[in-house]
Novice: 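Sending over a structure as structure tokens; questions will come in a sec.
Reckoned from all heavy atoms, side chains included, excluding hydrogens, waters and symmetry mates. Since the structure is predicted, the reported quantities are computational estimates derived from the model, not experimental observations.
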Amino acid sequence: MVHDNGNTQNAETRLSSADHTRLSLIRAGLKLFGEKGFDGTTTREIARAAGANIGSISYHFGGKEGLRAACADYIVELIGRIAGSALDLKPDHGATLTPSEARSVLMQVLDTMTGFIAARPEAGLIVKFVLRELSHPTVALDRIYEGIFAPVHKRLCAVWEAATGEPAESDETRLTVFTLIGQLVYFRIASEAVQRRMGWSEIGAREAAAITAIAGGNLDAILAARTRGKETS
């Protein structure tokens, strides 16, 4: 399973004091905007949660609105870095993959995404923030959609075409890719229910591996069904 926790932690130890404050404010913004909403969160609450001076929000971001945009950019950068470990985001790259290679990429993506979405605590902050934006779209959602959602989804569709021969931009392919992603997101949105039902105290590396095994089996079944369909048509 791919994780970038070590690299992230090492990078953070090299941050300047000002950059540490900026990062703390972004993480506090992600948490509070996701939990309470943008309008329901005060700059004083954000500063307190970040252990920073209230004036630092204006200094680093120009105000609360600027902080929300920085939260969106942080999500784009982080998810882009994690996705890039398993997924080349060049739009035309999928066409260079053999079916076998494409299927391996899809499996690797499931593994990487499960490790992040289900097992990494920071993913909870991101999912809550994004869910708020999806419910009440702002320019922050535009930044997230254009910066990471659309390119990752398009890339996965291209890989799906290489794996199955089905057109990347067909409705069926796009909906299939949404389904593959959605099954993983559920384990973050409903993590408390999953842990209770499974008797897990947490969703860590071992639990994420179990989820990946099931998601991988689902992917294998879908791909096998597509292959049988082509053979009988």
Novice: Flag the pair Glu101 / Val105 as yes when at least one side-chain heavy-atom distance between them is below 4.5 Å, and no otherwise.
Specialist: no
Novice: side-chain contact (heavy atoms from CB on, under 4.5 Å), that's the test. Do Thr176 and Glu166 meet it? Break it down for me.
Specialist: CA-CA 11 Å; Thr176 297; Glu166 298 170 359; 5.6 Å; no
Novice: State plainly whether the residues Asp171 and Arg174 are in salt-bridge range, i.e. N to O under 4.0 Å.
Specialist: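 Answer for the salt bridge query: yes.
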Novice: Tell me whether Val127 shares a hydrophobic cluster with Leu110, the cluster being built from Ile, Leu, Val, Met, Phe, Trp, Tyr side chains joined at under 4.5 Å.
Specialist: yes
Novice: Report the distance from atom CG of Leu78 to atom CZ of Arg120, rounding to the nearest 0.5 Å.
Specialist: 5.0 Å
Novice: Nearest 0.5 Å, please: how far is CZ in Arg22 from OG in Ser17?
Specialist: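 Answer for the OG-CZ pair, Ser17 versus Arg22, is 14.0 Å.
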Novice: Can you tell me how far the CE atom of Met107 sits from the OG atom of Ser104, to the nearest 0.5 Å?
Specialist: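 Rounded to the nearest 0.5 Å, the CE-OG separation comes out at 8.5 Å.
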Novice: Given side chains that start at C-beta, do those of Ile214 and Ile211 come closer than 4.5 Å, heavy atoms only?
Specialist: no
Novice: At what distance, to the nearest 0.5 angstrom, does CD of Glu122 lie from CD1 of Ile117?
Specialist: 13.0 Å
Novice: Taking side chain to side chain contact (heavy atoms under 4.5 Å, CB included) as the criterion, tell me which of Ile75, Asp73, Leu67 meets it with Ile26.
Specialist: Leu67
Novice: Is a side-chain N or O of Thr173 found less than 3.5 angstrom from the main chain of Glu169, in a donor-acceptor match?
Specialist: no
Novice: Does any part of the side chain of Ile126, heavy atoms only, come nearer than 4.5 Å to the side chain of Phe116, both counted from C-beta?
Specialist: yes
Novice: Compare every heavy atom of Leu184 with every heavy atom of Ala215, then report the nearest pair and how far apart it is.
Specialist: CB-CD2, 3.9 Å
Novice: Should Val185 and Leu134 be counted in the same cluster of Ile, Leu, Val, Met, Phe, Trp and Tyr side chains packed under 4.5 Å apart?
Specialist: yes
Novice: Do Phe149 and Ile79 have side-chain heavy atoms sitting under 4.5 Å apart?
Specialist: no
Novice: Are Val76 and Leu25 connected in a single hydrophobic cluster, I mean Ile/Leu/Val/Met/Phe/Trp/Tyr linked by side-chain heavy atoms less than 4.5 Å apart?
Specialist: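 Yes; tracing contacts between hydrophobic side chains, which count when under 4.5 Å, links both residues.
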Novice: Can you tell me how far the NZ atom of Lys36 sits from the NZ atom of Lys31, to the nearest 0.5 Å?
Specialist: 9.5 Å
Novice: Stepwise, does the side-chain contact (heavy atoms from CB on, under 4.5 Å) test hold for Arg48 with Arg44?
Specialist: CA-CA 6 Å; Arg48 187 186 304 119; Arg44 189 173 300 279; 3.7 Å; yes
Novice: Any link between Ile82 and Phe187 through a network of hydrophobic side chains (Ile, Leu, Val, Met, Phe, Trp, Tyr) touching at under 4.5 Å?
Specialist: no
Novice: With a 4.0 Å cut-off on N to O distance, would you call Arg68 and Glu65 a salt bridge?
Specialist: yes
Novice: Please, which pairs that meet side-chain hydrogen bond (donor to acceptor under 3.5 Å, both in side chains) have at least one residue in residues 125-141, sequence neighbours excluded?
Specialist: Glu133-Thr138
Novice: For Trp160 and Leu223, what are the C-alpha separation, side-chain angles and deciding distance, and is it a side-chain contact (heavy atoms from CB on, under 4.5 Å)?
Specialist: CA-CA 9 Å; Trp160 186 263; Leu223 292 170; 3.7 Å; yes
Novice: Does a side-chain heavy-atom distance below 4.5 Å link Asp19 with Leu23?
Specialist: no
Novice: Please report the shortest heavy-atom distance between Ala140 and Ala72, naming the atom on each side.
Specialist: O-CB, 3.5 Å
Novice: Can you tell me how far apart CZ (Phe33) and NZ (Lys64) are? Round to the nearest 0.5 Å.
Specialist: 6.0 Å
Novice: Between the side chain of Thr114 and the main-chain N/O of Thr212, is any donor-acceptor distance below 3.5 Å?
Specialist: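 No; judged by distance alone, with no hydrogens or angles, the pair does not exist.
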Novice: Find out whether Leu156 and Leu106 are in side-chain contact, i.e. whether some heavy atom of one side chain is under 4.5 Å from a heavy atom of the other.
Specialist: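 Side chain of Leu156 against side chain of Leu106, heavy atoms only: contact under 4.5 Å found.
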Novice: Do Ser56 and Asn53 have side-chain atoms, one donor and one acceptor, less than 3.5 Å apart?
Specialist: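 On atom types as modelled, these side chains do not qualify, holding no pair under 3.5 Å.
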Novice: Less than 4.5 Å apart, any side-chain heavy atom of Ile222 and any of Thr179?
Specialist: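 Side-chain contact under 4.5 Å: no.
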Novice: Tell me the closest heavy-atom pair linking Ala168 and Cys157, and the distance in Å.
Specialist: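 Closest heavy-atom pair between Ala168 and Cys157: O-CB, 3.3 Å.
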Novice: Compare every heavy atom of Gly115 with every heavy atom of Ala119, then report the nearest pair and how far apart it is.
Specialist: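 Closest approach of Ala119 to Gly115: CB-O, 3.4 Å.
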Novice: Taking side chain as C-beta onward, heavy atoms only, is Val130 less than 4.5 Å from Tyr145?
Specialist: no
Novice: Using the rule that Ile, Leu, Val, Met, Phe, Trp and Tyr join whenever any side-chain heavy atoms are under 4.5 Å apart, tell me whether Val194 and Ile181 fall into a single cluster.
Specialist: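 No, no single cluster joins them.
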Novice: Looking only at heavy atoms, which two atoms of Thr21 and Ala52 are closest? And how far apart?
Specialist: CG2-CB, 4.0 Å
Novice: Donor-acceptor pairs are to be reported for all side-chain atoms of residues 201-210 against protein atoms at under 3.5 Å, with residues two or more places apart or in another chain.
Specialist:
{"unit_1": "Glu207", "atom_1": "OE1", "unit_2": "Gly204", "atom_2": "N", "d": "2.8"}

Novice: Within a 6.0 Å radius of atom CG on Leu131, are there more than 12 heavy atoms belonging to other residues, nucleotides or ligands?
Specialist: yes
